[in-house]
Q: 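Take this structure, written in structure tokens, and hold onto it; I'll ask about it next.
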Amino acid sequence: MKIAILPGDGIGPEIVAQAVKVLNALDEPFELETAPVGGAGYEASGHPLPEATLALAQAADAVLFGAVGDWKYDTLDRPLRPEQAILGLRKNLGLFANLRPAILYPELAGASTLKPEVVSGLDILIIRELTGDIYFGQPRGVRECPDGPFKGQREGFDTMRYAEGEIRRIAHVAFQAAQKRDKRLTSVDKANVLETFQFWKDIVTDVHKEYPDVALDHMYVDNAAMQLVRAPKKFDVIVTGNMFGDILSDAAAMLTGSIGMLPSASLDANNKGLYEPSHGSAPDIAGKGVANPLATILSAAMMLRYSLGRAEQADRIENAVKAVLAQGLRTPDIYEDGTRKIGTEQMGDAVVAALAK
Ligand code: NAD
């Protein structure tokens, strides 16, 4: 099994090195190959997504990605900026399903802005459609308003649309993910107002016939936003469109209060995927050895579960992370009185040590 390792910029190389250490400790026949991406890609070959890096990602069974971006590239033309590498990888690899778990380990309940009893033990998964919806729908632009009270004035407009096949494939990903968890799926829509999302609801309901073991319910997005902060533990898996998912997944991430803990996966139709922490390249702390590598290590666990068919190894890593937190070991971003502050490398070593137990 070939894994493309793309560390990127800022803290990317430091945190990815810890995940690689953990992967190597599993004693599996993985072939790991590293390539530059983002600002590092631009430095190496004048483009944030060098051809050789894209070719490696296409040939691999899965991609482990760190983070890209640095303020020093802000003056480059937009197509040359580090963040373009992510869009290029999504597009070229056909990554249409974004999976973002929001997990709050009981030991970190104090990090959330919500009351501990509301979030302690939280374990939900948000699945966001990533390549359709109003973000990509055509036509779009600025034109002369053709009707209504503002007729003749300039207006901005976008198009919300979802094809049946687009909804079916994300619904299958969601039902299958629910089957691997608590077998409950909430489809979030705005069917009361939007034709696109009435259609979405109808198609998800139809796909449900193939997954009778999963309980499906539907929720309007405004109510879902409210329930996410009122009683987030009631959810298991949430599936929704690109725009609603963009907003809800960030809200869910902040329930946990610790950006350094959150992994993510972006999958194609064959479960090949790109795995990365939900945070950015954190240039403010790069090179200081203090970044939290757990989001990246947990992203590697997701890679084992969703792309490499090694669920038992994924469980081992996740249990090792729980054990390390239970030992009271913390990087500065999750440090509290009464725990022990350690650096990036020590955290990686602690997870490897916990794996061995
Ligand atoms: P960021 O997520 O990099 O950092 C936000 C804050 O969280 C910073 O204070 C940072 O120190 C802290 N932080 C982030 N990850 C951490 C970790 N693992 N451990 C401890 N603290 C951590 O977001 P930003 O500052 O808005 O962006 C910085 C750069 O990252 C920009 O160039 C941006 O474009 C890029 N970015 C990249 C990605 C990606 O690669 N997928 C995502 C978001 C932002």
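Because the structure is predicted, anything quoted here is derived from the model rather than measured. In each ligand, atom 1 is the first atom listed, and ligand 1 is the first ligand listed.
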Q: For atom 25 (O) of ligand 1, is some protein heavy-atom partner under 4.0 Å away?
A: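 When distances to the protein are checked, atom 25 (O) of ligand 1 has no heavy atom within 4.0 Å.
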
Q: Could you check which of Ala282, Ala295, Ala286, Gly280 puts a non-hydrogen atom nearest to atom 12 (C) of ligand 1?
A: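 Checking each option, the heavy atom nearest atom 12 (C) of ligand 1 is found in Ala282.
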
Q: If you measure from atom 37 (C) of ligand 1 to every heavy atom of Val68, Ile285, Asp74, which option wins on shortest distance?
A: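 Result: the heavy atom closest to atom 37 (C) of ligand 1 is in Val68.
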
Q: Is at least one protein non-hydrogen atom found at under 4.0 angstrom from atom 41 (N) of ligand 1?
A: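 Given the 4.0 Å limit, the answer for atom 41 (N) of ligand 1 is yes, a protein heavy atom qualifies.
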
Q: Would you call Arg184-Asp217 a salt bridge at under 4.0 Å N-O?
A: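 No, Arg184 and Asp217 are not salt-bridged.
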
Q: Under 4.5 Å between side-chain heavy atoms, counting indirect links through other Ile/Leu/Val/Met/Phe/Trp/Tyr residues: same cluster for Ile238 and Phe96 or not?
A: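 Yes, Ile238 and Phe96 fall within the same hydrophobic cluster.
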
Q: Answer yes if a protein heavy atom lies under 4.0 Å from atom 5 (C) of ligand 1, otherwise answer no.
A: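 For atom 5 (C) of ligand 1 the answer is no, since every protein heavy atom stays at 4.0 Å or beyond.
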
Q: Would you say that more than 12 heavy atoms from the other residues, nucleotides or ligands in this model lie under 6.0 Å from the CG of Asp27, or not?
A: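 Atom CG in Asp27 is not packed in, count stays at 12 or less.
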
Q: Should Asp246 and Arg128 count as an ion pair when the cut-off is N to O under 4.0 Å?
A: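 Yes, Asp246 and Arg128 are salt-bridged.
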
Q: Determine whether the side chain, the backbone, both or neither of Val290 has a heavy atom under 4.0 Å from any heavy atom of ligand 1.
A: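 It is neither; nothing of Val290 touches ligand 1.
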
Q: Within a distance under 4.0 Å of any heavy atom of Ala291, pick out the atoms of ligand 1 and give their elements.
A: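 Answer for ligand 1: 19 (N).
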
Q: Below 4.0 angstrom from a heavy atom of Glu276, which ligand 1 atoms are there? Numbered from 1 as shown, please.
A: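 Here the atoms of ligand 1 in question are 41 (N).
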
Q: Show which atoms of ligand 1 fall inside a sub-4.0 Å distance from at least one heavy-atom site of Ile86.
A: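 Reading through ligand 1 atom by atom, the close ones are 39 (C), 40 (O), 41 (N).
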
Q: For atom NZ of Lys180, is the number of surrounding heavy atoms from other residues, nucleotides or ligands below 6.0 Å larger than 12?
A: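 Atom NZ in Lys180 is crowded, with more than 12 foreign heavy atoms closer than 6.0 Å.
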
Q: Of Gly260, Gly69, Ser281, Gly10, which has the heavy atom at the shortest distance from atom 30 (O) of ligand 1?
A: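 Shortest heavy-atom distance from atom 30 (O) of ligand 1: Ser281.
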
Q: Any nitrogen or oxygen of Ser278 lying under 3.5 Å from a nitrogen or oxygen in ligand 1? Just yes or no.
A: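 Between Ser278 and ligand 1 (N or O atoms, distance only) the closest approach is not under 3.5 Å.
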
Q: So is Asp284 polar-close to ligand 1, meaning N/O to N/O under 3.5 Å?
A: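 Right, the criterion is met.
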
Q: Any Lys/Arg nitrogen of Asp158 or Arg140 sitting under 4.0 Å from an Asp/Glu carboxylate oxygen of the other?
A: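 So Asp158 pairs with Arg140 through a salt bridge.
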
Q: Do Lys341 and Tyr335 form a cation-pi contact, if we require the NZ or CZ to be under 6.0 Å from the six-membered ring centre and within 45 degrees of the ring's axis?
A: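 The answer is yes, since Lys341 meets both limits relative to Tyr335.
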
Q: Do any non-hydrogen protein atoms sit less than 4.0 Å from atom 19 (N) of ligand 1?
A: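 Yes, because at least one protein heavy atom sits under 4.0 Å from atom 19 (N) of ligand 1.
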
Q: For ligand 1, is any non-hydrogen atom under 4.0 Å from Ile15's backbone (N, CA, C, O), its side chain (CB onward), both, or neither?
A: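 Neither; no heavy atom under 4.0 Å.
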
Q: Would you check, one step at a time, whether the test side-chain contact (heavy atoms from CB on, under 4.5 Å) holds for Asp349 with Lys21?
A: CA-CA 8 Å; Asp349 292 340; Lys21 209 152 68 179; 2.7 Å; yes

Q: Using side-chain hydrogen bond (donor to acceptor under 3.5 Å, both in side chains), reason through Glu43 and Tyr73 one step at a time and then give a plain yes or no.
A: CA-CA 10 Å; Glu43 302 289 350; Tyr73 301 112; 2.7 Å; yes

Q: Heavy-atom distances under 4.0 Å decide this one: backbone, side chain, both or neither, for Asp333 against ligand 1?
A: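 It is the side chain that touches ligand 1; the backbone stays farther off.
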
Q: Could you tell me, atom by atom, which parts of ligand 1 come under 4.0 Å of a heavy atom of Asp70?
A: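 Answer, ordered by atom number: 32 (O).
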
Q: Quick test: of every protein heavy atom, which one is nearest to atom 17 (C) of ligand 1, and how far off is it to 0.1 Å?
A: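 Its nearest protein heavy-atom neighbour is Asn292 N, 3.7 Å.
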
Q: Thinking salt bridges, do Asp250 and Arg100 make one under a 4.0 Å N-O criterion?
A: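 Looking at Arg100 together with Asp250, the answer is yes, because their closest N to O distance falls below 4.0 Å.
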
Q: Can you list the ligand 1 atoms lying under 4.0 Å from a non-hydrogen atom of Glu83?
A: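 Close to Glu83: 31 (C), 32 (O), 33 (C), 34 (O), 35 (C).
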
Q: Take Thr53 and His47, measure what side-chain hydrogen bond (donor to acceptor under 3.5 Å, both in side chains) needs, and give me the verdict at the end.
A: CA-CA 10 Å; Thr53 301; His47 196 277; over 6 Å; no

Q: Considering only the protein, which heavy-atom contact is closest to atom 7 (O) of ligand 1, and what is its distance?
A: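 Closest protein heavy atom to atom 7 (O) of ligand 1: Ile259 CG2, 3.9 Å.
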
Q: Would a 4.0 Å cut-off, counted as strictly less than, catch a protein heavy atom around atom 34 (O) of ligand 1?
A: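 It does; a protein heavy atom is within 4.0 Å.
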
Q: Under the side-chain contact (heavy atoms from CB on, under 4.5 Å) criterion, do Leu304 and Leu23 qualify, and how do the steps go?
A: CA-CA 9 Å; Leu304 292 161; Leu23 285 171; 4.2 Å; yes

Q: Dump the intermediate steps for side-chain contact (heavy atoms from CB on, under 4.5 Å) on Thr159 and Gln138, then the final yes or no.
A: CA-CA 6 Å; Thr159 303; Gln138 295 288 345; 5.8 Å; no

Q: With atoms numbered from 1 as shown, which atoms in ligand 1 lie under 4.0 angstrom from a non-hydrogen atom of Pro283?
A: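 With Pro283 as reference, the close atoms of ligand 1 come out as 28 (C), 29 (C).
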
Q: Could you tell me which atoms of ligand 1, counted from 1 in the order shown, lie closer than 4.0 angstrom to a heavy atom of Ala67?
A: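 So the answer, numbered in order with elements, is 40 (O).
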
